[in-house]
Amino acid sequence: MGEEEDKQTILETLQKKKGKSKFYLKDFYKMLPDMKARAVKNLVNKMVGEGTLEYWSSGSTTLIGLKGVGKQAHTEED
Amino acid sequence: MAFISSGYDPAKPMKDRITDIGPRYYEEFYPPIIKKNKGKWLYHEILEPGIIERVAESGDKLYVIRVGGCRLMSISHIREIMEIADKYCDGYVRWTTRNNVEFMVPDSKDKAMALKDDLLSRKQPGGCYKFPIGGTGASISNIVHTQGWIHCHTPATDASGTVKATLDVLFDQWENMKLPAKLRVSMACCLNMCGAVHCSDIAILGYHRKPPMIDAEYIDKMCEIPLAVAACPTGAIKPAKYELPDGTKVNSVSVNEPRCMFCGNCYTMCPSMPLADTEGDGIVLMAGGKISNRIDAPKFSKVVVAFIPNEQPRWPTMTTTIKRMVDTYSADANKYERLGQWAERIGWEKFFEKCELEFTHHLIDDFRDPAYYTWRQTSNFKFT
Amino acid sequence: MVEFKHKTPMIDELETGPWTSFVTDIKREHESRMENPKGIDFQTPQKCCDDLLGVLELSYKHGRTHWKHGGIVGVFGYGGGVIGRYCDQPEMFPAVAHFHTLRINQPMGHFYDTKFLESLMELWERRGSGLTNMHGSTGDIIFIGCTTVQLEEIFYEMTHNLNQDLGGSGSNLRTPSDCMGESMCEFACYDTQEICYQLTMEYQDELHRPAFPYKFKFKFDGCPNCCVASIARSDISFIGTWRDDIRIDQEAVKAYVGGEIKPNAGAHASRDWGAFDIQKEVIGLCPTQCMSWDGNKLEINTPECTRCMHCINVMPRALRHGLDTGASLLFGAKAPILDGAQMATLGVPFIKIESPYDEIKEKVIEPIWDWWMEEGKNRERLGELIKRQGMQKLLEVTGFKAIPQMIQEPRSNPYVFWREDEVPGGFKRDINEFRKYHQR
Ligand code: HEM
Ligand code: SF4
Ligand code: SF4
Ligand code: SF4
Ligand code: SF4
């Protein structure tokens, strides 16, 4: 699969999830089971760089989700 | 206040963006005497508490004055440190891992002694030292700590305040080297323990004792329930329906209260699950840990007081209990013996007797597998 | 006189006593911001220090924090380096309603010159609260308190003008940190600053972008005294050590015995412990009893020495570590959350620490990361993975041979899970062949 298709798979999987907008990096491994963990990581981070995904940090753990989606997204805008 | 741009364009965040450049190269900040003698230091000697002479193979001498710092430091205070560093240390200064500041004076002991007098003469308006000197050798060094009520969302106590109160009480042990060995005190304001308190001679730990409240009316609007459920390390949170007084049914969560370990992770994920509580929150004291491999292996600190209420602003029960442990240890331990080594030699039952600490069932470990290894599997013990 | 909006009687009680008062210090910053002799156009509200004191006073009154967490704020493309922070009483304390933290990657060894410090201070005074932590527990410089829009502005100025980057937080490599090591300490067995810097630079991507199931820490201690506590708080702990003889200066030993040099570098000088007794204080406390002193010559039986540092700490002018130096690598320390605290476990008893550190990167760090990324559960630290899958697995991943140095004692149960390939003939057997000799 090409990179664009992989990105599409990620976006579609995320859009399908109801009631939950933030995911652990490991959850992305499952979306692309044939890819090496490191490659998935690089792709996810690239998508953040392109502005389609964004990080959420608890201070100790980082979650990742679609940009601007999630119940706290609004309250956290300045 | 008018907004002034740095040049950053929010519409084009990647434009001219510089990333992944790391810290500055440390060697830029070495004083010349360190650049020259790095790796070739011969020995050091503590001339008096807080003042260390370091001698290199080349014969060069470096005088280091260690002063305590509040971890929370204003830039006005840092600028005063810079002014001192410019005057006495050719513009170089360093911090230690325990939030102390070290002024490094090359070559001249006289200059170092002049610096000492200068430092001690600087006081805050309330009479506190700006630059207390000490923390070397068999003393109590600065207390490392976390954020507390100043800046975190899960603390069960304040960090800077408990530390200030404790250091005021232990100040004599900071500026002298009278203890059998060094004694390290650390503070963390919740059980996440952002600081390395678990291996300290004495650890002050903030602890909650009540599970989170649930803001049922708002939780589904403010939080994602699956995330709150997943946040809990003990699996205590489950999705649940809740009926509001007006009869509407809302999605919420329930907390299996006996399973809650009061960590606050749920509140991190979900602002509708606050757990701070005036009566519930307070202090745990731990003792007997160490990091160094000297003589024996590093040790964890053990819980010796399960709970002390918050008594801000000065936490007198906590500080007198700590002081009593320090004094008892100081009077009873052998030279070079760390607090934990002393407690193990005399036996923990004797530790409780000598330190006049009450033993309660809370102090017996029941947390998962390792607990068993802390119970006694022998008939050998001491009567107290 | 600069005015303070909030009455703070409780925290004002922390303005007396000998130890430096952080309350006085925050007030000082408020005064400096209000007087503002340089005419700075503050980008974070000018009165934030005053409001911070107000929030703190309220917490002292209530016995409860007034901060909320905010996870989305950060700088674009980085998963760490920023902690989002909101006040839960924004109307009462508008100047700290948004009061986020930045973690700045500290220079190794925490050395500074005043020029660089001033550039940091100037930036933080103009764009932030003027309050810092020097330093946070992981080692970073912590800038406490700025508004959301300022995060990118600060990052931009810091990278463009100060050549300085943020540190780590979240599920990534955390800012590595080190002891002062060779820069000033004669006990150091390798250059802690150099390896700390080189690995920080090598792994910038892992430091800034989430790569792992949870946080990962390297810490570098130059010797077994462990001043940065690597053994208790890092996933890979580097502890300096050596393989050859402790170097002994017999004349200096005699000087210690004769009372000419203060024992333990003068660390016990404020109390009268009596005359130095080498037999009792050094020979007798050596944990392996590998030292002897006949009144004239000190001898150490090197193969028995475990390099605990005690004798060297007591007589630094007479004893120095050996010359064949390197480090022991220990793995998997973590805080008590969740399965109880763990000290790091010895996995590589000895390795040379030499730039460019290829063996460490290729045989240790990267294979371990690959393993943990594949097998680690969400929020599982390396130490927990090692516990769950066994120390054998760690050795399999790193390729180091099992040796008795790695353990305290051998197992006390015989329940070895033999692998099929370790047993001659494997596990598949012919039941009919067996039945020829054994009735049903
Ligand atoms: C579940 C575990 C943890 C959570 C949820 C957590 C969360 C946080 C949060 C929210 C902060 C921000 C405080 C502030 O500046 O407002 C923080 C700070 C920090 N945490 Fe943690 N933490 C956890 C465990 C740890 C551990 C185990 C360590 C270190 C070993 C650590 C090290 C730090 C450090 C160094 C800081 C920077 C501020 C400071 O030094 O106090 N954290 N943590
Ligand atoms: S120890 Fe707990 S309360 Fe304190 S700063 Fe860390 S996470 Fe916050
Ligand atoms: S405080 Fe911790 S243990 Fe208790 S419910 Fe919340 S997440 Fe679970
Ligand atoms: S760990 Fe060892 S080398 Fe590093 S500063 Fe401490 S005593 Fe020196
Ligand atoms: S380093 Fe420790 S084990 Fe080795 S000789 Fe000295 S005291 Fe004994």
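Proteins get letters first, then strands, A, B, ... in listed order; numbering begins at 1 in each. All values reported here derive from a predicted model rather than from experimental measurement.
Below 30°, between 30° and 60°, or above 60°: for C:F187 and B:H44 the angle between ring planes is above 60°, a perpendicular geometry. Relative orientation of the C:Y197 and B:Y26 rings is perpendicular, given thresholds of 30° and 60° on the angle between their planes.
For a residue to count as touching a neighbouring chain, one of its non-hydrogen atoms must lie under 4.5 Å from one of that chain's; by this rule C:H208 touches chain B with the side chain only. Residue contact with chain C, scored on non-hydrogen atoms closer than 4.5 Å, is absent for B:V144. Contacts of C:T16 with chain B are made by both backbone and side-chain atoms, with heavy-atom separations under 4.5 Å. The contact between C:Y78 and chain B is made entirely by side chain atoms (from C-beta outward), counting heavy-atom distances below 4.5 Å. In this structure, the portions of C:L285 lying under 4.5 Å from any heavy atom of chain B include both its backbone and its side chain. Interface remark: C:S32 contributes side-chain atoms only to the contact with chain B (heavy atom separation under 4.5 Å). Heavy atoms closer than 4.5 Å to chain C are found nowhere in B:E311, neither backbone nor side chain. Contacts between B:S139 and chain C at a heavy-atom distance below 4.5 Å are absent for every atom of the residue. Only the side chain of C:K262 comes within less than 4.5 Å of a heavy atom of chain B; its backbone N, CA, C and O stay farther away. Proximity to chain B (any heavy atom under 4.5 Å) is restricted, for C:P263, to the side chain, taken from C-beta onward. Contact annotation for C:Q342: only backbone heavy atoms (N, CA, C, O) come within less than 4.5 Å of a heavy atom of chain B. For C:D178, the part lying near chain B is the backbone, with the side chain staying farther off; criterion is any non-hydrogen pair under 4.5 Å.
The choice from B:L170, B:N37, B:V169, B:N142 that makes the most heavy-atom pairs within less than 4.5 Å of chain C is B:N142. When each of C:H62, C:H310, C:E182, C:H160 is scored by its heavy-atom pairs under 4.5 Å with chain B, the top score falls to C:H310. Across B:T19, B:I75, B:I46, the residue that shares the most heavy-atom pairs under 4.5 angstrom with chain C is B:I75. If you tally non-hydrogen atom pairs under 4.5 Å between each of B:P13, B:A156, B:C199, B:G148 and chain C, the highest count goes to B:P13. Note on B:D16, B:V101, B:I150: by heavy-atom pairs under 4.5 Å with chain C, the leading option is B:I150. The candidate from B:K299, B:H77, B:E53 with the greatest count of non-hydrogen atom pairs under 4.5 Å with chain C is B:H77. Of the listed residues (C:V23, C:D41, C:L131, C:D12), the one with the most heavy-atom contacts under 4.5 Å to chain B is C:D41.
Counting only heavy atoms from C-beta outward, the side chains of C:E15 and B:Q124 never approach each other to under 4.5 Å.
The side-chain hydrogen bond (donor to acceptor under 3.5 Å, both in side chains) test applied to C:Y112 returns C:H135, not counting sequence neighbours. For C:K68, the side-chain hydrogen bond (donor to acceptor under 3.5 Å, both in side chains) test picks out no residue, with sequence neighbours left out.
Within 6.0 Å of NZ in C:K115 there are 12 or fewer heavy atoms belonging to other residues, nucleotides or ligands.
Taking the ring centroids of B:Y336 and C:H268, they lie under the 6.0 Å cut-off.
Look at C:E186 and C:R320 and you find no salt bridge, because none of the NZ, NE, NH1 or NH2 atoms lies under 4.0 Å from a carboxylate O. Checked for salt-bridge contact, B:R79 and C:E118 meet the test: a charged N lies under 4.0 Å from a carboxylate O.
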